[in-house]
Structures are given as structure tokens and as C-alpha cells.
2 protein chains.
Amino acid sequence: MARHAGVSPSTVSYVLSGKRSISEATTRRVRESIDALGYQPHAGARSLASRRSNVIALVIPLREDVHVPVAMRFAVSVVTAARAFDHDVLLLTQGEGPDGLRRVAGSAMVDGVIVMDVEADDARVPVLRSLDLPSVLIGVPEDTEGLTCVDLDFAAAGAACVHHLADLGHTEVAFVGQPPSVYERRTGFAERTVAGFEEAAAERGVVATSHPCSPDTVREVVGTLVGEHPGVTGLIVHNEPSVGPLLEAFAEHGRTVPGLSVVAIGPVPPGVPPLTSVDLPAEEVGARAVGLLMDKIEGPAHPGVTLQVPRLTTRQSTAPRP
Amino acid sequence: MARHAGVSPSTVSYVLSGKRSISEATTRRVRESIDALGYQPHAGARSLASRRSNVIALVIPLREDVHVPVAMRFAVSVVTAARAFDHDVLLLTQGEGPDGLRRVAGSAMVDGVIVMDVEADDARVPVLRSLDLPSVLIGVPEDTEGLTCVDLDFAAAGAACVHHLADLGHTEVAFVGQPPSVYERRTGFAERTVAGFEEAAAERGVVATSHPCSPDTVREVVGTLVGEHPGVTGLIVHNEPSVGPLLEAFAEHGRTVPGLSVVAIGPVPPGVPPLTSVDLPAEEVGARAVGLLMDKIEGPAHPGVTLQVPRLTTRQSTAPRP
DNA sequence: ACATCTCTTCGAACCGGTTCGACGATGGAC
DNA sequence: GTCCATCGTCGAACCGGTTCGAAGAGATGT
């Protein structure tokens with residue numbers, strides 16, 4: 001490559017990195033050779049010499065109670081954002097657990113890591129603290145000391161739904177949440193949503209109950225709501241895959257939208273009529289996580305928790321209290 | 001590292017790779033130092049010297065009509081299988097198109113690539129042919145000359161469903177397929193399933209119709225079936241996300257399972273009663289793809305198409321014709 | 001006792017970049 | 001016309017492994 005352009009290897013490097021000024025004529029000559037040869041610098045050599053691999057790791061959850069399409073949206077947005085910073089993404093699954101992190105960090109395969117689906121008390125957090133590998137968490141653990149975290153402000157999302165329904169005059173609302181297992185392992189986002197919901201309900205003087213729900217228990221939950229809480233006129237659903245079955249089950253009891261006002265938290269699946277919802281901005285959160293990680297890779301860390309402000313979009317599924 | 005163990009760097013390398021015999025005493029000493037120091041070889045240096053990165057690329061589709069959970073199952077199984085061969089997985093999205101392949105190949109970032117969701121006439125195929133980068137396709141393009149492909153035998157899957165229903169005495173069956181866009185871009189698996197279905201139906205003398213279907217057109221499709229094909233008693237559904245809504249829509253017309261016998265192709269989503277189905281063995285296909293890729297990386301290529309034989313599992317959704 | 005062979009280990013070259021110090025050329029100030 | 005700063009480029013060291021040839025130590029055969 002350098003020979004083809006008639007310059008030294010270092011000159012080629014400087015042309016590519018721009019770290020020293022190179023005359024316009026030489027730059028042109030080098031670029032022409034690059035095009036002519038289809039030259040691509042050897043990634044291994046580059047990472048060896050520069051101590052930068054230009055790769056970040058993405059740890060993706062595998063749990064069955066994680067909603068896969070949402071996880072995928074995060075993953076895709078992370079890859080896209082990383083490419084914009086000239087980085088690639090190495091995919092790690094939960095399979096190896098914390099050891100996977102140690103491995104990629106120890107062998108200098110990656111410059112940083114993004115960890116998805118962080119729990120309140122996550123085994124990976126102490127490992128990250130010990131590794132001095134730049135990292136960003138998507139999700140918020142209990143102790144955020146020294147960590148960089150990004151997430152949707154789920155408490156605000158839960159609250160926004162309550163305020164929307166209260167503004168419409170509803171006085172008794174129910175929250176249908178994630179499967180019980182999600183709460184049992186203390187996943188931050190689920191807890192915080194419920195907390196935001198309950199707090200806002202108390203503040204507005206709204207009667208509120210909350211109900212975990214998995215695909216198999218939809219009918220049971222609806223039975224409870226119809227039987228024991230007949231006064232409920234507003235429903236907040238934080239459980240994307242169950243929205244459809246839930247609405248059908250309610251319809252069987254004669255409760256249809258928007259007589260029953262429904263707000264969804266998260267993307268609404270196709271095949272369901274458009275619902276008033278707080279969207280989950282996976283793309284923004286993913287891109288933000290990558291941006292923060294790049295900052296950390298470049299310079300000193302600025303730890304902190306970034307919460308994306310939720311936006312409620314009004315659609316046809318909510319109406320004033322009948 | 002070498003100093004800590006009191007040996008030369010080359011000795012350490014031979015202990016790790018096992019490419020030359022090293023005395024037991026020395027091996028033990030080196031391993032002790034490795035443990036004591038938590039030593040991990042530098043991935044970049046290794047790839048530079050050995051011309052192997054121990055990383056494979058996985059090109060994952062982004063299209064909205066691809067069923068995301070299935071894609072994810074493939075991805076996870078590929079990562080797991082790759083780890084068993086001491087390889088990591090670099091995630092490429094469709095975003096960069098063929099250029100992404102050129103980039104990772106040219107910079108020697110990866111030893112091979114697995115391409116998912118291959119279309120009949122796929123733009124990436126000629127690129128792969130030109131790259132001399134070991135590759136395995138998940139999916140089967142039109143011209144497989146020189147390629148290594150893995151897939152479920154979808155034609156056999158479609159046929160198996162027909163045979164199952166015909167064995168139960170059904171004489172008029174319908175096939176509910178993927179969204180129209182999937183057929184329009186000539187995705188192999190969808191076409192082959194329909195072909196297998198039609199061929200087997202002709203062979204068994206069964207009256208057969210097939211109907212593309214997207215989440216938005218479920219009711220429409222059901223309307224057509226109930227109205228124009230009232231004699232249909234067997235249904236084959238090759239469209240996972242629509243199974244639930246489809247059955248509900250039929251129920252509204254008084255057609256319930258198993259009076260209407262239903263066979264699904266692909267995993268059945270939770271929240272739907274267990275269906276007789278041909279499962280989509282994503283885990284096996286992913287693992288097989290990785291295995292074939294490793295063979296190609298190690299030795300000479302053995303191109304060819306590997307089709308995984310489908311297995312039909314009988315559950316409560318199919319019964320003899322009433 | 002000497003030539004040979006095997007087993008284990010080392011040294012040196014090499015993989016392909018990056019980075020720093022230095023050197024020659026050029027230009028401006030005095 | 002000399003002195004010094006600036007600009008553009010080069011050479012060499014280095015990043016941390018892998019690989020091959022060869023050397024040294026014992027074992028074996030004669």
C-alpha cells in the first residue's frame with residue numbers, strides 16, 4: 001500500500017487518521033492508491049498498535065420474559081449508532097454471564113460495553129466496576145454509584161398515564177403489568193413504572209390497583225378486574241404482547257374501548273386498533289447509550305443516570321369518563 | 001507473562017495452542033502463571049500474527065415482515081454455537097448492505113460470515129462469491145452454485161402438514177401464509193413451503209387454496225375462507241404472529257378448534273392453546289450453520305445445501321374430519 | 001566413547017499497523 | 001546572508017502475539 005503510493009507507512013497512517021498535517025498532493029496520491037487497491041487497514045494490527053479495537057460489546061438478554069422485539073430494536077439502534085462512530089458491535093449473550101465481560105475486556109477485543117436489561121441487583125455490575133472497561137447500562141440498578149445508565153423514565157411514564165386518565169375524569173384505574181417473574185427479579189423499569197403509577201394516583205386522588213400479567217393469565221386478570229373492581233374505567237397496560245388478548249377478554253365481558261379507556265406503555269403491536277400510548281423510544285435510548293459510551297472511551301467518565309422523557313400520544317382508545 | 005513463568009513467549013504460545021509438545025512441568029508452570037495473572041492473550045496481536053480473528057460475522061435482517069423472535073432465536077443459537085468453537089460474533093445489520101461484508105472481510109475482522117434471511121435473488125450473494133471469505137447462508141437463494149446453505153426443509157414441512165390432515169380424512173384444506181411482501185421479494189422459505197403444500201395436496205387429491213396474510217388482513221382472509229371456501233376443514237398456518245387473531249376470528253364465525261383442524265408451521269406463541277405444529281428448529285439450524293462455517297474456515301469448502309428435516313408434533317388442534 | 005536421534009525450549013523474524021523524534025526544505029525576520 | 005520557526009515526510013521502535021529453524025540435553029544404538 002505505502003509502496004504503491006510511493007510514501008512511507010507512517011504517511012499513510014497520518015493520511016487516514018489526520019493526526020498530522022499532510023500536503024494536499026500527498027494526500028491525494030495516497031487516497032488514489034487506497035481506491036485502486038481497495039485497501040483496508042488490518043483491524044488486528046490497528047488494535048494492537050493503537051490500543052483501540054473500534055469494537056464495542058453489546059450484552060443482550062435472553063430471558064423469556066423479556067419482550068424480544070423491543071430488545072431487537074435496541075440492538076439494531078445500537079449497531080446503527082455505533083457504525084456512525086466507526087465502531088462495530090460484538091454480540092454477547094447472557095450465556096457466559098460475567099465471564100464473557102472479563103474475556104472481551106481482558107483480550108482487548110472491545111473498547112467498551114453496553115449492557116441491556118439491567119436488574120436492580122445485577123451480578124454484572126460489580127464485574128463492570130472492577131474491569132475499568134468503559135460501559136453504559138441500559139436500565140438502572142439499585143446502586144448507580146460510578147455508573148453510566150440510560151433508560152426511559154418509566155416512573156414518569158406511569159405517572160403520565162395516570163394524569164392523562166385523571167384529566168379525562170377517571171377516578172378508578174387499574175394497572176396491568178409485566179409477568180410476575182419480572183417483578184420477582186426486581187427489574188428496575190417494571191418496578192419504577194408501578195411506583196410512578198401509584199404515586200401519581202395518590203397525588204390525583206385516583207383509586208388504583210395493579211396486576212402483574214403474563215400471556216397465560218390474561219383471562220384470570222380480566223376476571224378479577226371485572227369481578228372485584230367493576231368501577232374501573234381506565235386501564236394502563238404495561239405488557240405489550242398481552243394487549244390484544246386483554247382487550248378481547250374485556251370485550252367478552254361487554255367492556256369495549258373507549259368506554260373502557262386504555263393507555264399502553266410501549267409499542268403497540270400490529271393487529272390491535274391504535275391505542276393512546278407512551279411509546280418506548282428504543283432507538284433514542286440505544287443511540288444515547290452509544291453516544292455516552294463513545295464519550296467515555298474518548299475522555300474521562302461522567303457517570304450519571306440519563307432518563308429519557310416519555311411522550312404520551314393520544315389516540316382513539318381513551319375518552320372522558322362515561 | 002512469559003517472564004512471570006520463566007519461559008519464552010513462544011513457549012507460552014505453544015502451551016496455549018498445543019501445536020508443539022511441551023513438557024508437563026513447563027505446562028503446569030505456565031498455566032499457574034496464567035491463573036495468577038489472569039492473563040488473556042491480546043486478540044489483536046493474535047489475529048495479526050495468526051491471520052485468524054476468532055470472530056465470525058452474523059448478518060441479521062431488519063425487515064419489518066421478518067418475525068423478530070424467530071430471528072433472535074437464530075442469533076442466540078449462532079452465538080452459543082460459535083462460543084463452543086471459541087469464536088465470537090460480530091453483529092452486522094442490513095443497514096450497510098453488501099459494503100458491510102466487504103469491510104469486515106477486507107480488514108480481516110472476521111474469519112467467516114453467516115448470512116440470515118437470504119432471498120431468492122439476493123444482492124449479497126455475488127458479493128460473497130467475490131470475497132473468498134468463508135460463508136454460510138441461512139436460507140436458500142435461487143442459484144446455489146458454490147454456496148453453503150442451511151435451512152429447514154420448508155417444502156417437506158408444508159407437505160407434512162398436508163399429509164397429516166389428509167391422513168385424518170380432510171379433503172379440503174387452506175394454507176394461510178406470510179404477508180404478501182414476503183412473497184413479493186421472493187423469500188425462498190415462504191415460496192418453498194407453499195410449493196410443498198400444493199404438491200402434496202395434488203398428490204393426495206386434496207382441494208387446496210393458499211392465502212397470504214398480514215396482521216392487518218386477518219379478518220379479511222378469514223372472511224374469504226368462510227365465505228368462499230366453506231368446505232375447508234383443515235387449516236395450515238405459516239404465520240406465527242397471526243395465529244392467535246386468526247383463531248379468534250374463526251371462532252366468531254362459529255368455527256372452533258378442533259372442529260376446524262389447525263396445523264401451525266413455526267413456534268406457537270404463548271397464550272394460544274397448544275397446536276399441532278411443525279416446529280422451526282432455529283437452534284439446530286443455527287448450530288448447524290456455525291458447524292459448517294467452522295469446517296470451511298478450517299479446511300477446503302464443501303459447498304451444498306443442507307435441509308433440516310421437519311418434525312410434526314401432534315397436539316390437540318387436529319382431529320379427524322367431522 | 002562417539003555418532004545419531006528425539007524431545008524440549010529458545011531466539012529471531014514477522015504479522016501490519018501507530019506514534020514519536022528527527023531531519024531537510026521552505027519562508028520570514030533581522 | 002545568517003538564524004530560527006514551521007511544515008511535510010521519513011525511519012525506527014513498538015504493540016503482543018505466532019511460527020519456524022535451530023540449539024542443547026538426554027537417551028539410544030554400536
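Labels below follow one simple rule: chain letters A, B, ... track the order of the sequence lines, proteins then strands, and each chain is numbered from 1.
One interatomic measurement links the two molecules: CG of A:Asn54 to P of C:dT18, which rounds to 10 Å at whole-angstrom precision. The NE2-P distance, from A:His42 to C:dT18, rounds to 12 Å in whole Å. For the pair A:Arg52 CZ and C:dG17 C1', the computed distance is 16 Å after rounding to whole Å. Summarising the geometry, the separation between NE2 on A:His4 and C1' on C:dG16 is reported as 18 Å, rounded to the nearest angstrom. In this structure, B:Ile34 places its CD1 atom 16 Å from P of D:dG16, rounding to the nearest Å. The distance from atom CZ of A:Arg46 to atom C1' of D:dC14 is 17 Å, rounded to the nearest whole Å. The nearest whole Å value for the distance from the CE atom in A:Met109 to the C1' atom in D:dG16 is 15 Å. Taking atom CG of residue B:Leu37 and atom P of nucleotide D:dG17, one finds them 11 Å apart after rounding to whole Å.
Nearest nucleotide to the side chain of B:Ala45, out of C:dG17, C:dT9, D:dG16: D:dG16.
For B:Gln40 and B:Tyr14, each mapped to the nucleotide of DNA chain D holding its nearest heavy atom, the one lying further toward the 5' end belongs to B:Gln40. In terms of position on DNA chain C, the residue among B:Leu48 and B:Gly6 whose nearest nucleotide sits closer to the 5' end is B:Gly6.
Residue A:Arg51 has a polar side-chain atom (N or O) positioned under 4.0 Å from OP1 or OP2 of D:dG16. Within the 4.0 Å cut-off from OP1 or OP2 of D:dT9, not a single side-chain nitrogen or oxygen of A:Ser8 is found. Contact annotation: B:Ser13 reaches the phosphate of D:dT18 (side-chain N/O to OP1 or OP2, under 4.0 Å).
Salt bridge present: B:Glu142 and B:Arg186 bring a charged side-chain N and a carboxylate O closer than 4.0 Å.
Taken residue by residue, residues 19-33 of chain B places heavy atoms nearer than 4.0 Å to DNA chain C at B:Arg20, B:Ser21, B:Ile22, B:Ser23, B:Thr26.
Contact between B:Ala5 and B:Arg29 at its shortest, heavy atoms only, is O-NH1, 2.7 Å.
Between the base of D:dG11 and the side chain of A:Ser10 there is a donor-acceptor pair shorter than 3.5 Å.
A side-chain N or O of A:Thr187 and one of A:Arg185 form a donor-acceptor pair less than 3.5 Å apart. No hydrogens or angles considered: a donor-acceptor pair under 3.5 Å links the side chains of A:Thr11 and A:Ser8. For the residue pair A:Ser77 / A:Thr80, no side-chain donor-acceptor distance below 3.5 Å is found, with atom types taken as modelled.
A 6.0 Å sphere centred on CG of A:Asp121 holds no more than 12 heavy atoms belonging to other residues, nucleotides or ligands.
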Verdict with reasoning, A:Asp151 to A:Arg192, per salt bridge (Lys or Arg N to Asp or Glu O under 4.0 Å)
CA-CA 11 Å; A:Asp151 210 345; A:Arg192 277 150 38 217; 3.3 Å; yes
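The residue A:Val7 sits close only to the backbone: its heavy atoms come under 4.0 Å of sugar-phosphate atoms, none of a base.
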